[in-house]
Amino acid sequence: MTGGKKLENVRRNPRVAVSIEDARGGDVKWNVTLLGRATVHEDPGRIDWASE
């Protein structure tokens, strides 16, 4: 769920990435990066489902 500038960016370019890492004391223990394409849904039912 997002809006504003991020939503504007996704509408213009649906390629997205999410990176998560566990770093302690400057040392990265693990890192995961997900690459994909976002889909904008404006159906109220889907929005309600995603909001729960």
Side-chain angles (χ1 to χ4, degrees):
M1 303 283 300
T2 193
K5 184 67 174 171
K6 287 182 183 179
L7 180 57
E8 179 184 322
N9 290 344
V10 167
R11 287 185 192 281
R12 193 172 55 247
N13 180 358
R15 293 179 297 169
V16 295
V18 176
S19 293
I20 303 168
E21 70 180 24
D22 181 0
R24 295 182 188 158
D27 295 323
V28 176
K29 295 187 176 220
W30 56 264
N31 177 297
V32 176
T33 301
L34 306 171
L35 304 174
R37 292 190 175 269
T39 302
V40 176
H41 292 276
E42 298 186 36
D43 174 51
R46 281 187 171 262
I47 294 169
D48 288 345
W49 178 83
S51 297
E52 293 179 3

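Count residues from 1 along the sequence. Computed over heavy atoms, backbone and side chain alike; hydrogens, waters and symmetry mates excluded.
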> Within a radius of less than 6.0 Å around CH2 of W49, do more than 12 heavy atoms belonging to other residues, nucleotides or ligands occur?
Replying inline: no

> Within a radius of less than 6.0 Å around CZ of R15, do more than 12 heavy atoms belonging to other residues, nucleotides or ligands occur?
Replying inline: no

>> Taking the basic N atoms (NZ, or NE/NH1/NH2) and the acidic carboxylate oxygens, is any pair closer than 4.0 Å for R24 and D22?
In response: yes

> Between R11 and E8, is there a side-chain N and carboxylate O pair less than 4.0 Å apart?
Replying inline: no

>> So which atom in L7 and which in V40 form the shortest heavy-atom distance, rounded to 0.1 Å?
In response: CD1-CG2, 3.9 Å

>> Looking at every heavy atom in both E21 and N31, which two are closest together, and how far apart are they?
In response: OE1-ND2, 3.3 Å

>> Could you see if L34 belongs to whatever hydrophobic cluster contains I20? Use Ile, Leu, Val, Met, Phe, Trp, Tyr and a side-chain cutoff under 4.5 Å.
In response: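 Yes, one cluster joins them.
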
> Would V18 and V32 show up in the same hydrophobic cluster when neighbours are defined by side-chain heavy atoms closer than 4.5 Å?
Replying inline: yes

> How many angstroms lie between atom CD1 of I47 and atom NE2 of H41, to the nearest 0.5 angstrom?
Replying inline: 10.0 Å

